[in-house]
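Please read these numbers as outputs of a predicted model, since none were measured by experiment. Worth knowing before you read on, the calculation uses all heavy atoms, side chains too, and leaves out hydrogens, waters and symmetry mates. Here is how names work: the chains are called A, B, and so on, in the same order as the sequence lines, proteins then strands, and each is numbered from 1.
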Protein chains: 2
Amino acid sequence: MAKVSKNSSAEKRSAHQEQLIYERIFDVILDQKLAPGARLTEEALGEIFGVSRTIIRRVLLRLSHEGVVEIKPNRGASVTSTPVSDVDQYFEARRVIEGAIIRMAAGRASDYEINDLRSLIGEEKRYYESQTRGKGLRTSNEVHFRIAALAGNEPLADVARQLISRTALIISQYQDASQSACAYCDHTALVDALEAGDPDKAEHLMVEHIDHIRHTLHLSEESAPIDLFDIFSDDGEA
Amino acid sequence: MAKVSKNSSAEKRSAHQEQLIYERIFDVILDQKLAPGARLTEEALGEIFGVSRTIIRRVLLRLSHEGVVEIKPNRGASVTSTPVSDVDQYFEARRVIEGAIIRMAAGRASDYEINDLRSLIGEEKRYYESQTRGKGLRTSNEVHFRIAALAGNEPLADVARQLISRTALIISQYQDASQSACAYCDHTALVDALEAGDPDKAEHLMVEHIDHIRHTLHLSEESAPIDLFDIFSDDGEA
DNA sequence: AATATCTAAAATGTATACAATCTTATTTTA
DNA sequence: TAAAATAAGATTGTATACATTTTAGATATT
């Protein structure tokens with residue numbers, strides 16, 4: 001007579017389901033399996049992930065609020081293509097914000113947090129060496145996320161996260177797969193400065209690092225149409 | 001509950017409809033007609049604006065992405081209540097970002113843009129003198145938005161806008177209606193520095209200004225439940 | 001009277017139906 | 001043949017139905 005408890009495993013999943021779909025789509029974009037400009041149709045995605053358009057719509061809306069996807073009225077969503085002319089602005093924004101952030105973070109990090117960062121950078125190094133580009137890029141982002149968190153200012157960390165994600169999209173659009181930017185070298189130096197509690201050096205290294213990434217980009221126009229089913233059915237991510 | 005849809009006049013402009021609802025809800029929050037913590041139920045809002053829950057849901061989702069509203073699973077949306085402990089972080093974030101922005105903007109503004117700003121500040125002054133608090137606060141935001149745009153860096157202006165909107169919510173939560181912060185005095189000085197092309201002075205004034213606003217806040221806990229229909233049916237603006 | 005349990009109402013979560021709009025292929029016309 | 005008109009298909013826009021969950025009130029129990 002009481003409530004019939006359904007299989008809770010399926011229900012638990014539905015809570016995270018949206019998040020999983022969100023990450024999956026973002027990952028595919030960063031892996032350059034979906035080029036900028038590629039259209040994301042609601043029904044196709046719904047079939048792929050086994051949910052209705054309602055859920056997909058929410059995910060696309062979130063991605064559009066983050067600037068990863070563009071939604072035009074009656075046209076639907078497509079991967080954001082950043083014009084060459086906008087690229088430098090994003091990197092300048094990152095220099096300003098992440099420069100200020102790492103200055104605030106310098107000396108604040110505990111030994112535990114520093115160790116955590118170093119092991120993350122180790123992971124990053126492995127991904128880059130094993131040529132798994134997408135994973136490497138996301139891990140690199142994670143390093144920047146963690147540093148942002150160390151500053152102890154949640155709103156600032158939040159806007160930093162946005163810019164970092166958005167920049168990742170730009171990098172995946174303009175960086176050659178071969179030229180993987182050796183980010184982990186720079187990252188190690190950054191963490192050293194953090195540990196030493198040297199704000200000036202930390203800021204300087206961060207600005208140089210962001211500048212360095214910017215200069216690995218080849219700013220030329222390109223595009224490549226793709227089929228949604230192929231991309232999501234075959235996960236190239238070991 | 002009568003299902004009478006109260007179509008005011010914005011029935012056919014379905015393209016802008018969502019935007020209008022968004023602004024209407026945000027305005028009501030800034031006017032303190034909806035206190036932090038107040039619940040926003042989808043069906044009630046749908047009836048008020050004469051649309052289905054589908055549209056309301058999109059608006060609430062957008063507001064939640066901007067941090068104005070909090071959505072909890074199975075609980076729906078409620079106006080974000082910022083803990084006292086978080087307030088200073090938001091203002092610090094604004095000092096960092098808007099400080100950098102106005103530095104970039106100094107000397108870049110055309111005569112036309114400067115004049116535009118001055119007339120906007122005039123408008124602001126009138127609103128404050130006529131005690132229309134909500135309008136005054138929004139106009140004040142607009143001044144900061146415009147300055148952010150002058151820096152010529154869209155991504156930075158974007159994160160600035162987010163923080164400014166979010167801070168407006170905080171101000172409406174913690175500032176006494178009487179103490180209206182005389183923002184337009186500071187703003188005039190800011191524009192003078194912009195026109196003179198003095199980055200150091202402009203930055204200094206901006207930091208002081210933001211600090212000044214922060215110090216008009218009375219950081220104590222409060223709350224007040226309200227009825228949605230009353231609020232939206234009677235527009236206290238004018 | 002206080003607490004616990006159960007039931008009804010209300011709100012959100014999701015899917016789906018149908019309308020409006022855009023896209024594409026085909027046919028018509030000059 | 002090329003351009004324009006048109007019709008068929010695909011895609012998004014919106015409303016609504018139904019399921020699930022929460023909330024609140026009533027009833028029962030100690």
Between [N] ([atom2]) and [X] ([atom1]): distance, integer Å:
| X | N | atom1 | atom2 | result |
| --- | --- | --- | --- | --- |
| B/Glu42 | D/dT16 | CD | P | 15 Å |
| B/Glu47 | C/dA10 | CD | C1' | 13 Å |
| B/Glu43 | C/dA9 | CD | P | 15 Å |
| B/Lys72 | D/dT21 | NZ | P | 19 Å |
| B/Phe49 | D/dT14 | CZ | P | 16 Å |
| A/Ile56 | D/dT11 | CD1 | C1' | 14 Å |
| A/Arg75 | C/dT24 | CZ | C1' | 13 Å |
| A/Ile55 | C/dA15 | CD1 | C1' | 9 Å |

Checklist entry - What is the bend of the helix from C/dA1-D/dT30 to C/dA30-D/dT1 when you compare the axis at one end with the axis at the other, using five pairs each and rounding to 10°? => result 0°
Next on the checklist: Can you say whether a donor on the side chain of B/Arg53 sits under 3.5 Å from an acceptor on the base of C/dG13, or the other way round?
Outcome noted: yes
Item to check | Base of C/dA11 paired with side chain of B/Thr41 (donor-acceptor, under 3.5 Å) | outcome: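 Such a pair does not exist between side chain and base.
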[X] side chain, from C-beta outward: closest of [options]:
| X | options | answer |
| --- | --- | --- |
| B/Asn74 | C/dA11, C/dG13, D/dT14 | C/dG13 |
| B/Arg57 | C/dT12, C/dT16, D/dG13 | C/dT12 |
| B/Arg39 | D/dT11, C/dA11, C/dA15 | C/dA11 |

Backbone of [Y] reached by a side-chain donor or acceptor of [X] within 3.5 Å:
| X | Y | answer |
| --- | --- | --- |
| B/Arg39 | B/Arg75 | yes |
| B/Ser165 | B/Arg161 | yes |
| A/Gln173 | A/Thr82 | yes |
| A/Tyr127 | A/Ser140 | no |
| A/Glu42 | A/Arg57 | no |
| B/Gln89 | B/Asp86 | no |

Next on the checklist: Which is more 5' along DNA chain D, the nucleotide nearest A/Ala77 or the one nearest A/Thr54? Just name the residue.
Outcome noted: A/Ala77
Next on the checklist: If you assign A/Ser52 and A/Pro73 each to the DNA chain C nucleotide with the nearest heavy atom, which residue ends up on the more 5' nucleotide?
Outcome noted: A/Ser52
Checklist entry - Is there a donor in the side chain of A/Thr80 and an acceptor in the side chain of A/Arg166, or the other way round, less than 3.5 Å apart? => result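 Note: A/Thr80 and A/Arg166 side chains miss the donor-acceptor criterion.
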